[in-house]
Each structure stands twice: as C-alpha cells, then as structure tokens.
*Asks:* 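Pasting a structure here, questions to come.
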Amino acid sequence: MYQHFDYKSKTLHCDGVSLETLATEVGTPFYAYSLSSILERASAYVNGLKPIGGKVCYSVKANSNLTILKELFAIGCGADIVSGGELYRVLLAGGDDVPIIFSGVGKTKEEIDAAIDARVTCFNIESVDELDLIASRASLRNAVAPIAIRVNPNIDAKTHPYISTGLYDNKFGVPAKETLQLYKRAKDIPSIKVSGLACHIGSQLTTAQPFAESWNFLLETVRQLGEMAISIDHLDIGGGLGINYGDGKPCQLSIAEFCDNVCNATKSLANQDITVMCEPGRSIVGEAGTLVTKVIRTKLNGSKHFTVVDGAMNDLIRPSLYQSHHPILPVREKDNEQIPTDVVGPICESGDFFAKDRKLAKAEAGDLLALMAAGAYGASMASRYNSRPIVAEVLCKDSVWKQIRKRESYRDLVALESF
Ligand code: PLP
C-alpha cells in the first residue's frame, strides 16, 4: 500500500480522510492527495542533497496545483517550469524568491520576456536559435540572462518512448557534440551569462544505471568546459526518478538512495563552487495521489466484462497514452468474487480505459474505485474532451481535508466561447 493510504473500518483513507466521505462531499470523480506523503518525499530530496548543498526544483508539470506548489516552496523547493503558464502559477503561488529553472524546446519571445522580468534563475537552452532569441530579448530589456545548455547525451533511459528525452531521436536538448561550440558562442554574448549545464534523459527511470551514465557524461563535460576556461555555477541533473505503479517494475531506488548516489557522484564539484540542482516531479507527487471514480454500471459484450466508471481518459490519460498501469482499489472493501474486467470511462473512444482484463472484486453501480499512484501527470494532463468539466482536487493531511480545486461547472466549460 502507498504511504498514508490505508483501510480503516474497510474504507480506504487518504492521510486519515475517508475517500467515501470525500465522494459525498465533493462528488465524483475527484483527485485526492496526501500532503504528508508529498512533504515527506520532497523533504527526502531537500535533506538528501543537503550534504552537497544541492537544490531541488520541483517539476511543476507533474502536478501544478497552486496549493501544492505553495506547500513545496514553503519547505525549500524551487521550480522547474516549461511554459509562461507555469511561470504564472509559480509566481502566484509565492515562488518569486525560489530558484526557477525554465526548460523546454519551444519558448516563445513573450514567455522569454516574462521570465527575464521575473528574474528566473536559469534558462535551459535547447537550441542555437533559442540562445540567440534569449540574447536579443535580454539585450532589448537591458538585462543579462543566465543560461545553461541542456545537453542531449544520446543515452537510452530505457523508459516508455514517449517519456524518453535523452536520445538524438528526441526533440530535446543540444547534441553532445555541438555543446562546447554553443558554450563558446554564449560566452561572448554580453546579454548572456553562462551559468550552468543541464540534462534530463527521461521520466519513470527505475534503475540507477542510466542516471550514472548521464552524470558521468555531465562531469566529463564540466571538465571540458574547465579546459576552455568556461566556468559554471550549477549543474542541473534533471528529474526522472520513477515510482511504483504496481506493474511489476517498481523503482529500485528510494529518493534517499538516489540522493546518496548524487552526493557520491558529484563530490568532485564541491571544491569548484558548482551547486547541484535536480528537477524531480513524479517521485514527489505520483504515489501521493489517487483518482476516485464511481461505477456507473457493468456490462457484458458477449463474454467480455466491462466496468463503466464516471472517470475517463480526459481525467487521467496515462493508461490511454502510455498503456500505463495504475493499481485499482475498491474504496469499500468487499468479499465479492474476483473477475477479469476492463475498467472503462464514458468517452467515445476505445482508448478510453483505465485497465484491461484486470482481476478485481466484482463491482456494482455506485461502488467507488480508487486509481492509485495518480498524483503525477494526472490532473495536470487533464482535458475537457467530450465536454467533461475538469474534476475537483482535494488535499488531505492528518485527517483534515480541503478542496484545492473546485469541480468545473457546465457554465465554466463554455465561459470563454461566444456565438
Ligand atoms: N525536467 C524536465 C526538463 C522534464 O522534461 C521533466 C519531465 O519530463 C522533469 C524534469 C520531471 O521528470 P519526472 O517527473 O520524471 O521527475
């Protein structure tokens, strides 16, 4: 069972709060998060990197709810952002004085201007064109923009192809062999300050080996930069640590072990005044969240059994997009026989499923099911497809809960449209 989720009187609780009670209070479907779990995981990073003075920039895309951001900033996390919208959220959540790293291949000039004005800690550059655009925007604003080059080391992270980012086949970063040349160019631009080196090879990495490969590569690049008399003040090792999705491939590294590995691997940077930064997302919020959905009905198509629920791929797209596995637990434990069933949503797509041929206790209309490990890339990837309003989000801690996002209404759905 995930930390801070347990059954009390046969009812599943999140951080001491009954999910059955929440369903009555906020309706279904809804996301519930354990704040204790989020804070423990984030603190494991913050404390784990303390021996080397490392910094944790939470990857906002994993779950960008304002309250969660605010809680993370309060315990010393910074932010890793990839859009003007994420910058807006970070500033709104009180992150104006935390380290902010701006990554992403498609930064527009409007986004760059906003980030310069917000004095972000670093732009992670992903192309020559982007370097030149940032230089010219900074120059126009009489500013000096701090940059790191995000290098693409051509390392296979051995994860799902859609979340692998460190191969030349992926759109991300600057190819390793072009990196030094780009640093030379950046060094001579007056409106640019060379500040760091960055890399992120992918997400849901479950073993130590690809991380080690990428860190070795980065350390070698730092050495080469030194030879060129280019000094940096930070090394950004990206995010990517995996979680347990109950698919038989649990992450083999705890956050503490991951941080120990980082500390050991980067010891040599201590006397060079280079701060290590990392950008974890999934490993902080993933296991802390659940999507609770209600069974609408069950049906048989021939001999095939379906459990039709009120949540759908627009609420949690990971199973449809990555064929990913989420454990499904009954909110109220029952002794019903276990049968193989497809858990599907109401959306008009055959890809709208949460599980296929999953053996679950036979459910009935009105039963609540909890899709576990849904705290990352769940709510933040939600859409309104099939004109389904975005669902409510609830944050729980020590038996107390608060709604941190209201369920949208049909009026909200059409609020920006005109005819
Ligand atoms: N940093 C960058 C640049 C990313 O693209 C991502 C996600 O893909 C992350 C950090 C966070 O990764 P994760 O949630 O796997 O820790």
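Counting convention: from 1, in listed order, for ligands and their atoms alike. This is a predicted model, so every value here is computed, not measured.
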*Asks:* When you measure from the heavy atoms of G240 to every atom of ligand 1, does any distance fall below 4.0 Å?
*Replies:*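 It does; at least one heavy atom falls under 4.0 Å.
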
*Asks:* Run the salt-bridge test on E20 and R332 with the 4.0 Å N-O cut-off and return the result as yes or no.
*Replies:*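 Salt bridge between E20 and R332, a charged N being under 4.0 Å from a carboxylate O: yes.
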
*Asks:* Give yes or no for whether the N/O distance cutoff of 3.5 Å, strictly under, is met between G281 and ligand 1.
*Replies:*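 Among all N and O atoms of G281, at least one is under 3.5 Å from an N or O of ligand 1.
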
*Asks:* Keeping K107 on the side-chain end and G104 on the backbone end, is there a donor-acceptor pair under 3.5 Å?
*Replies:* yes

*Asks:* Which pairs would a plain distance check flag for residues 65-79, meaning a side-chain donor or acceptor within less than 3.5 Å of a matching protein atom at least two apart in sequence or in another chain?
*Replies:*
unit_1, atom_1, unit_2, atom_2, d
N65, OD1, T67, N, 2.9
N65, ND2, E393, OE1, 3.4
N65, ND2, I404, O, 3.2

*Asks:* Given E126, K61, Q204, identify the one with the heavy atom nearest to atom 4 (C) of ligand 1.
*Replies:*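 Closest candidate by heavy-atom distance is K61.
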
*Asks:* Which of the atoms of ligand 1 are close to R150, meaning less than 4.0 Å from one of its heavy atoms?
*Replies:*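 The atoms of ligand 1 under 4.0 Å from a heavy atom of R150 are 3 (C).
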
*Asks:* Is any side-chain heavy atom of I125 less than 4.5 Å from a side-chain heavy atom of I134?
*Replies:* yes

*Asks:* Using the salt bridge (Lys or Arg N to Asp or Glu O under 4.0 Å) criterion, which residues pair with D132? Sequence neighbours excluded.
*Replies:*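 D132 satisfies salt bridge (Lys or Arg N to Asp or Glu O under 4.0 Å) with R185 once adjacent residues are dropped.
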
*Asks:* Does a salt bridge link K294 with D367, judged by any charged N lying under 4.0 Å from a carboxylate O?
*Replies:*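 No salt bridge links K294 with D367.
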
*Asks:* Once you restrict to heavy atoms under 4.0 Å, what part of E279 touches ligand 1? Side chain, backbone, both or neither.
*Replies:*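 The answer is both, backbone and side chain.
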
*Asks:* By number and element, which atoms of ligand 1 are closer than 4.0 Å to a non-hydrogen atom of P280?
*Replies:*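 By the 4.0 Å cutoff, the relevant atoms are 16 (O).
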
*Asks:* At under 4.0 Å between heavy atoms, is it the side chain or the backbone of V82 that contacts ligand 1, or both, or neither?
*Replies:*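 Answer for V82: neither.
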
*Asks:* Check this for me - ligand 1, G239, N or O atoms closer than 3.5 angstrom, yes or no?
*Replies:*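 No - when backbone and side-chain N and O of G239 are compared with those of ligand 1, no distance drops under 3.5 Å.
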
*Asks:* Does any N or O of ligand 1 fall below 3.5 Å from an N or O anywhere on D80, backbone included?
*Replies:* yes

*Asks:* How far does CG of L241 sit from CD of E279, to the nearest 0.5 angstrom?
*Replies:*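 Taking CG in L241 and CD in E279, the distance rounds to 13.5 Å.
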
*Asks:* S203 heavy atoms, cut-off 4.0 Å: which ligand 1 atoms fall inside?
*Replies:*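 Near S203, meaning under 4.0 Å from one of its heavy atoms, ligand 1 has 12 (O), 13 (P), 14 (O), 15 (O).
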
*Asks:* Look up atom OH in Y7 and atom OG in S18, then write down how far apart they are to the nearest 0.5 Å.
*Replies:*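 It comes to 11.5 Å.
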
*Asks:* How does Y377 reach ligand 1, if at all, at less than 4.0 Å between non-hydrogen atoms: by side chain, backbone, both, or neither?
*Replies:*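 Near ligand 1, Y377 shows its side chain, while the N, CA, C and O stay back.
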
*Asks:* Just which atoms of ligand 1 are under 4.0 Å from any heavy atom in R282?
*Replies:* 13 (P), 14 (O), 16 (O)

